[in-house]
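Quick caveat: nothing in here was measured; it's all calculated off a predicted structure.
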Amino acid sequence: MPKKRSGGGLSPTQEAAKFLGVSVLAGAVLAGIALPAFGALGLAAKGSVEGFDEIPANLKQPPLSQRTAILDAKGDQIATVYSRDRTVVDLKSVSPYMQKAIVAIEDSRFYQHGAIDLKGVLRALNRNAQSGGVAEGASTLTQQYVKNVFVEEAGDDPTKVAQATQQTLGRKIKELKYAIQVEEELGKKKILENYLNITFFGQQAYGVEAAAQRYFSKSAKDLNLQESALLAGIVQSPSRYDPVNDEAEATKRRNTVLQRMVEVGDVSQAEADKAKEAPLGLKVSKPKNGCITAVKGAGFFCDYVREVFLSDRTFGKTKEDRAKVWNQGGLTIRTTLDPQAQDSAQQSIKEHVYKTDDVATAATIVEPGTGKILAMGQSRPYGFGKNETQINLSVDRSMGGGAGYQPGSTFKPIVAAAALEGGMPATKTYSAPYEMKYPSPIQQCGGKVYRNDGPKPVTLTNENESEVGPYSMKEATAKSVNTYFVQMIADVGTCPVVEMAKKMGVERADGAKMDQGPAIALGTQEMSPLTMAAGYATFASRGMYCTPVAIESISQRIGGQTKSLDVPKSTCSRAMSETTADTINTLLRGVVEDGTGTQAGLGSRPSAGKTGTTDERYAAWFVGYTPNMAGAVWVGDPAHDRQMSDITIGGVWHDKVFGGQVPGPIWRDMMTGALANKEAPDFNLVNIPDGDEDRGDGDGNGNGRGDEDGDNGDENGGLIGGLIGGGNGGGAEPTPSFSIPENLFQGQDGGNNGNGNGGNWP
């Protein structure tokens, strides 16, 4: 008995026997179905014929997977993505040379036989018997098409692909029956068209149009004789006859196809000889697949769009259903990405933070009132090389991002919003000492209570010893006074703050529940830039939170037909009253006018925002907004290893990094370009009674930090956080009695004889 080859394959004799079995089976099928008079042959394969009859009559022909185009809001292409690089074309869009070449080399009797070429089977059987191996196959072009349908349906599942291509009698039977059905239903021309669109030509190119573009950078309709012969020759073995990697083997195969075209009468010998002498003439276009090819630095936004598609039930009940639609492709996805905003964001990022820096930056812009993501970028490019990454630093972990970053003082306005919404007046004053224990007890959600009455109670301090209250909400917000906001959360309770954050879409980037310790007032919970931008957009839209959206519309082309798909819509809900939002806007607008965020100011355009710098300077933020755009900028080490002290960022040395110093200018330049030539609406500001000036009845020895760099200036309200500067007078707690004067934001005295240099590091 013949032995198997050492490599585990069959010997030539066994291969021939196997082919003989398949060939006889084909004859049995013909005999049992098409030719009943062949009784003996039919009886010999009776069991096989019965199995044949049990196969479902209809071949499922899945839509061919094609490339997907992702567009910006103006309709310009951002990137092309695909599971199969394929562009389906009709037969009239394929060169006649190509049509003839593929038929000549793959199935020269294609137009003479039915689904199964009995003459071809007998011829192949004879040749293989003579050679002792498998020298010639007998599958018709129709059968090959059916096999490719099985492979296409298997997708990228290696197990299903193996099942679709395994050389078993059962699969061959199924292939034969479906070939008969296809011949009856489609006809020769359509079968040829389908075959040319489905077959694999190597180099990631599926279908003749993609192959023509890949190897010759031209359309399939423009292929000449020798180019057509080359492509037709590749089909039998895309790796062996790959012209990019083995020109000699590909040339030999091309010439074989040309000679075969002579033999079947498609071209003259002279035409073939001339074509054989021609060089391959390759003009290779590299595969351009995936978000790595995105323009305008939009690779991470492109990846976010993919994550949205695969995670949103609008596109399918299960992840598998959604992945199937995505891999099938043929989609044209118009997104919310504003090219002007995206260009501006990337340009600002590039100018301020280098990809080779020890730290990175990520920035996102969201449109208030709609949730549309207008821009998304970061300093470390999308890729696999050095100083590149595939982690989207702007989004939550579930959407391809990391674990997030502590937002620091940028979380304090959320605490203030919860307090205002609960009825606290905007004039609320707390003692706000420089150092204190966390208050205890503090009410939490679910009836739980935070306590800090153990043998070693936890304490906190303000940024510097000059920050000693009492403070009103306005000044405490301006100076970002830690102890003030901890006293506030003690009165409000942590639950309203957590609930307000949730209403504003502000949740942890890692998907965990928000911690309910009082330290959340200081921004200890890790967030993503997209989360913070969308959250602050709630203030800009006067209290309406809209979930972020990235997709405007999707159309899908299937089999020559185009249909529209439903897309997820932003869900808008009221997170706070208009009065609360207007009050926060009034509190924050001065940050970019006269406070720590002056380097983020937009000139005459009304804007508001908040700086933030975390402990040990692992992260620095600026989150700000105008009535029509909200943006968040984070700077830090994604690995949380590098503290931002004694560091060079974007070619500029910093002894210490602050939120207004590095993120602020990035935000300013990004928003300036994004908002150019757009309307400049104002906020709906409110009058906040102010009693701070009356506090100066004491000795007035206020020696705060006038700005983030610690420069002192007499009576120059440092305005950290953006409202009122000024030292801390030693007099009694004032009684609020007047509204904000128009020139308030120019700086105020800190009190009688005070040095007026209040402030801290937000």
Side-chain angles (χ1 to χ4, degrees), residues 407-440 442 450 452 458-494 496-497 500 517-524 580 583-584 586-588 590-591 595-596 610-615 659 688-695 702 704-705 717-734 736 748 750-751 758-762:
S409 294
T410 62
F411 192 82
K412 289 175 180 175
I414 299 173
V415 180
L420 292 168
E421 196 72 1
M424 181 178 289
T427 55
K428 179 67 177 179
T429 299
Y430 287 107
S431 60
Y434 164 68
E435 182 177 5
M436 62 177 284
K437 296 187 297 183
Y438 277 100
S440 177
I442 298 177
Y450 167 85
N452 187 33
V458 182
T459 62
L460 76 151
T461 65
N462 294 326
E463 283 291 343
N464 59 73
E465 294 182 5
S466 68
E467 290 179 353
V468 179
Y471 288 112
S472 67
M473 187 183 298
K474 184 166 56 179
E475 189 176 6
T477 302
K479 296 180 177 179
S480 200
V481 179
N482 292 339
T483 56
Y484 178 93
F485 283 93
V486 169
Q487 287 182 308
M488 176 185 283
I489 205 171
D491 275 355
V492 175
T494 60
V497 175
M500 174 58 69
I520 63 171
L522 309 181
T524 57
T580 294
T583 303
I584 296 294
T586 304
L587 291 171
L588 295 183
V591 176
T596 56
K610 187 72 181 73
T611 56
T613 308
T614 65
D615 288 345
I688 302 177
D690 189 326
D692 293 336
E693 287 190 346
D694 290 340
R695 282 181 43 214
R705 298 177 67 98
L719 294 170
I720 303 303
L723 291 175
I724 298 176
N728 300 322
E733 180 174 334
Q748 300 293 325
N760 70 350
W761 307 332

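- Heavy atoms only, all atoms of each residue included: P496 and G493 are closest at CD-O, 3.3 Å.
- Looking at residues two or more places apart in sequence or on another chain, you find a side-chain contact (heavy atoms from CB on, under 4.5 Å) between E465 and Y434.
- Looking only at distances, a side-chain donor or acceptor of T483 sits under 3.5 Å from a matching main-chain atom of P433.
- If you take CG on N482 and CD on E463, they are separated by 6.0 Å, rounding to the nearest 0.5 Å.
- Between the side chain of S440 and the backbone N or O of N452, at least one donor-acceptor pair lies under 3.5 Å.
- Annotation for A519 and Y438: closest pair CB-OH, 3.7 Å, computed over non-hydrogen atoms.
- Y430 has its side chain within reach of D491: a pair of non-hydrogen atoms, C-beta onward, lies under 4.5 Å apart.
- The two atoms that bring S466 and Y471 nearest to each other are O-OH, 4.3 Å, heavy atoms only.
- Considering every non-hydrogen atom in both P518 and I442, the closest pair reads CB-CD1, 3.6 Å.
- Under the 3.5 Å distance criterion, the side-chain polar atoms of Y484 are matched with a main-chain donor or acceptor of M473.
- Put simply, CZ on F485 and CG on N462 are 11.0 Å apart, with the number rounded to the nearest 0.5 Å.
- For the pair S472 (side chain) and T427 (backbone), a donor-acceptor distance under 3.5 Å is absent.
- Note that CG of L460 is 6.0 Å distant from CE of M436, once rounded to the nearest 0.5 Å.
- Under the side-chain hydrogen bond (donor to acceptor under 3.5 Å, both in side chains) criterion, T580 pairs with E421, S577, sequence neighbours left out.
- K437 and T459 get closest at one heavy-atom pair: CG-CG2, 3.9 Å.
- The side-chain contact (heavy atoms from CB on, under 4.5 Å) with V486 is formed by just one residue from the set L522, I520, V415; it is L522.
- A416 approaches I584 most closely through the heavy-atom pair CB-CD1, 3.8 Å.
- Taking NZ of K610 as the reference point, atom OG1 of T410 lies at 8.0 Å (rounded to 0.5 Å).
- Listed by chain and residue number, Q487 satisfy the side-chain hydrogen bond (donor to acceptor under 3.5 Å, both in side chains) test with S431 (two or more places apart in sequence, or in another chain).
- Looking at K412, its side chain does come within 3.5 Å of a backbone N or O of S480 through a donor-acceptor pair.
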